[in-house]
Amino acid sequence: MWGLSALLRGRRNRLRRATDRREGWVTIGALLLMALGAPAAGWAGGAAADASLRRSVSAQHAERHAVDAVVVHPVPGRERGGGDPGAAAERAARTWVVASWQAPDGSRHTEKVATASRPVGPGSPVRIWTDKAGVPVEPPMDGRTARSHAVLGGVGAFLLAVGCIEAGRRLVVARMVQARYTRLDREWAATGPDWGRAGTGG
């Protein structure tokens with residue numbers, strides 16, 4: 001923010017150029033936007049993300065059902081999968097078993113599923129999540145996770161706003177500096193041919 005420091009240090013300097021004052025005011029405007037506009041953008045982004053995630057959580061809880069299943073036999077080893085490392089770690093933390101359960105529609109199912117429960121062996125009860133047809137699905141997002149994601153969305157919106165404001169300030173100052181150099185070039189082109197001649201400027 002060198003424009004602001006130049007504005008404050010040279011406010012009584014007679015050699016200060018008008019462009020220096022304008023650059024300083026541009027910097028002050030950018031600081032005000034960062035202090036007021038960026039937090040507002042962060043709050044708006046976080047609120048929008050929170051509302052969207054709440055709707056998603058409600059929809060997931062309406063579509064997915066917790067079902068009590070019975071272990072037929074455990075699955076040796078762990079399944080590995082690519083994709084999102086966070087999702088892979090979550091899958092690795094679960095126990096894979098072949099289980100049997102009754103779907104919400106009354107149908108019976110027996111297949112391999114992942115569960116957060118720690119079954120002892122065949123016949124152990126486990127909790128799984130299915131859709132209305134009894135097909136295993138991922139557990140729905142909980143409210144705490146949704147809030148954490150909303151906070152991260154708000155922080156991201158704040159940082160993006162700060163970056164855009166600073167980029168805008170740099171662009172405006174760069175154009176002002178370029179305009180100053182262009183004006184100096186024109187003035188030099190007009191006076192340069194007479195520079196150093198005897199009797200000129202006297």
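All of these numbers come straight from a predicted model, not from anything done at the bench.
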### Message
Measuring from atom CD1 of Ile128 to atom CH2 of Trp101, what distance do you get when rounded to the nearest 0.5 angstrom?
### Response
4.5 Å
### Query
Which ILVMFWY residues can you reach from Val70 by hopping between side chains whose heavy atoms are under 4.5 Å apart?
none
### Task
Compare every heavy atom of Pro136 with every heavy atom of Val113, then report the nearest pair and how far apart it is.
CG1-CG, 3.5 Å
### Message
With a 4.5 Å cut-off on side-chain heavy-atom distances among I, L, V, M, F, W and Y, is there a chain of contacts connecting Tyr181 to Val173?
### Response
yes
Quick one: side chains of residues 145-152, donor-acceptor pairs under 3.5 Å with protein atoms, not counting sequence neighbours, listed by atom name and distance.
| unit_1 | atom_1 | unit_2 | atom_2 | d |
| --- | --- | --- | --- | --- |
| Thr145 | OG1 | Asp142 | OD1 | 2.9 |
| Thr145 | OG1 | Asp142 | OD2 | 3.3 |
| Ser148 | OG | Arg144 | O | 3.0 |

### Query
Heavy-atom distance under 4.5 Å between the side chains of Lys132 and Asp105, does that happen here?
no
### Task
Output the distance between atom NE2 (His73) and atom OG (Ser124), rounded to the nearest 0.5 Å.
13.5 Å
### Query
Side chain of Ser107, backbone of Ala103: donor and acceptor closer than 3.5 Å?
no
### Task
May I have the step-by-step check of side chain to side chain contact (heavy atoms under 4.5 Å, CB included) for Val98 and Thr110, ending in yes or no?
CA-CA 7 Å; Val98 173; Thr110 300; 4.1 Å; yes
### Query
Passes side chain to side chain contact (heavy atoms under 4.5 Å, CB included), Ser100 versus His109? Steps please.
CA-CA 6 Å; Ser100 177; His109 296 261; over 6 Å; no
### Message
Check for me, please, whether Leu160 and Val155 land in the same ILVMFWY cluster - side-chain distances under 4.5 Å, paths through other members count.
### Response
no
### Summary
d(Leu31 CG, Arg169 CZ) to nearest 0.5 Å is 8.0 Å
### Task
Would you check, one step at a time, whether the test side chain to side chain contact (heavy atoms under 4.5 Å, CB included) holds for Val97 with Lys112?
CA-CA 6 Å; Val97 298; Lys112 182 171 58 179; over 6 Å; no
Return all side-chain donor-acceptor pairs below 3.5 angstrom for residues 62-69, not counting sequence neighbours, or 'none' if the list is empty.
| unit_1 | atom_1 | unit_2 | atom_2 | d |
| --- | --- | --- | --- | --- |
| Arg64 | NH1 | Glu138 | O | 2.7 |
| Arg64 | NH1 | Pro139 | O | 3.3 |
| Asp68 | OD1 | Arg127 | NE | 2.8 |
| Asp68 | OD1 | Arg127 | NH2 | 3.1 |

#### Entry: Nearest non-hydrogen partners of Ile165 and Ala30, listed with the distance
CG2-O, 3.6 Å
#### Entry: Exercise: identify the closest heavy-atom pair between Ala157 and Gly45
CB-CA, 4.1 Å
### Query
Donor-acceptor pair, Ser52 side chain versus Ala49 backbone, under 3.5 Å?
no
### Task
Report whether Phe158 and Leu36 are members of the same hydrophobic cluster (ILVMFWY, side-chain heavy atoms less than 4.5 Å apart, transitive linking).
no
### Task
Of all the heavy-atom pairs spanning Pro140 and His61, show the shortest one and how long it is.
CG-CE1, 3.7 Å
### Message
Quick check: do Trp129 and Gln60 have side-chain heavy atoms less than 4.5 Å from each other?
### Response
no
## Note on the structure
Here the gap from Leu33 atom CG to Cys164 atom SG, rounded to the nearest 0.5 Å, amounts to 11.5 Å
